[in-house]
Amino acid sequence: MTPAATARLLIVGPQGSGKGTQGVRIGERLGVPVVSTGDVFRANIAGGTELGARVQQIVDRGDLVPDELTSEVVRDRLAQPDAAHGFLLDGYPRNLGQVAHLDDFLAGRGESLDAVIELHVPRAESIARLRLRAEEQGRTDDTTEVIARRLDIYENETAPILDVYGSRGIVDRIDGVGTLDEITERIFAALAARAITPA
Ligand code: AMP
């Protein structure tokens, strides 16, 4: 029997890079679940759960939720049956500690990431898009001050994970400026070069 095709992916980019939107498109086309830690935290905050209460202030400030707690959330999610043959991670790992957690977890399953999609968008463009989103969606962490804080964290803590994955030869850097469709096609062209294609 031929094993089922798998795609274990990560999408990385600064806030406002469009990674959430592109992540949903990739997940749909490849038939893999999208695991967005930001979405999980926001849903728990909105739902008034215990996890939501623990993370609310941290998320509102734009700081990172502690690694152990975030990694536990991801491990629980990836243990669900729908993630057995692939997934797209959005927003996790976000620092080197989380990379180590994810490596350990995946190694325990005999797995590793197949590709990391880096959506590259200049900082000024990210800020402009986030201001627009603040007007449209009213997210509590899209204020000017918190936006700057989140972009600083991206540059200082998250960007270094791309060096680690880059040394493994699995990073595809995608120009994140263009129409949504253009960017989606760039991503799928890069994935196709790794033999990751829709069924
Ligand atoms: P996002 O929607 O990915 O920008 O995430 C929104 C917020 O959720 C972040 O600013 C953090 O407070 C929190 N968060 C999301 N993912 C992570 C993560 N991997 N590690 C720590 N905190 C996270």
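For ligands, and for the atoms within them, numbers begin at 1 and follow the listed sequence.
Atom 20 (N) of ligand 1 has as its closest protein heavy atom Gln98 NE2, 2.9 Å. Ranking protein heavy atoms by distance to atom 10 (O) of ligand 1, first place goes to Arg150 NE, 3.8 Å. In this structure, the protein non-hydrogen atom closest to atom 7 (C) of ligand 1 is Val59 CG1, 4.0 Å. Counting protein heavy atoms only, atom 6 (C) of ligand 1 is closest to Arg42 NH1, 3.5 Å. Atom 22 (N) of ligand 1 has Val65 N, 3.0 Å as its closest protein atom, hydrogens excluded (heavy atom only). Counting only heavy atoms of the protein, atom 16 (N) of ligand 1 lies nearest to Thr37 OG1, 2.7 Å.
Compare Ile45, Leu69, Thr70, Val55 by their heavy atoms: the one nearest to atom 18 (C) of ligand 1 is in Thr70. Residue Asp63 holds the heavy atom nearest to atom 12 (O) of ligand 1 of all those in Asp141, Asp63, Ile58, Asp67.
Put simply, the side chain of Gln98 never gets that close to the backbone of Tyr92: no donor and acceptor are under 3.5 Å apart. Checked by atom type and distance alone, the side chain of Ser126 never pairs as donor or acceptor with a backbone atom of Gly16 at under 3.5 Å.
Atoms of ligand 1 found under 4.0 Å from any heavy atom of Lys19, numbered from 1 in the order shown, are 3 (O). Atoms of ligand 1 found under 4.0 Å from any heavy atom of Tyr92, numbered from 1 in the order shown, are 19 (N).
Between Arg8 and Glu111 there is a salt bridge, with a side-chain nitrogen of the basic residue lying less than 4.0 Å from a carboxylate oxygen of the acidic one. Arg109 has no carboxylate O lying under 4.0 Å from a charged side-chain N of Asp104, or vice versa, which leaves the two without a salt bridge.
Results of the side-chain hydrogen bond (donor to acceptor under 3.5 Å, both in side chains) test with Asp142 over Arg131, Gln15, Arg133, Gln137 single out Arg133 as the only residue that passes.
Looking at Gly91 next to ligand 1, an N or O pair under 3.5 Å apart turns up. Between Arg94 and ligand 1, an N or O atom pair is found at a separation short of 3.5 Å. Close N/O approach between Phe41 and ligand 1 is not found [any backbone or side-chain N/O within under 3.5 Å].
Two residues are said to be in side-chain contact when any heavy atoms from C-beta on lie closer than 4.5 Å; Pro33 and Arg77 meet this criterion. In this structure, Val73 and Phe41 have side chains that are in contact, with non-hydrogen atoms separated by less than 4.5 Å.
Side-chain contact annotation: Arg25 with Thr184, donor-acceptor N/O pair under 3.5 Å present.
Judged by the shortest distance from any of its heavy atoms, Arg61 lies outside the 4.0 Å radius around the atoms of ligand 1.
To the nearest 0.5 Å, atoms CG (Asn44) and CD (Gln56) are separated by 11.0 Å.
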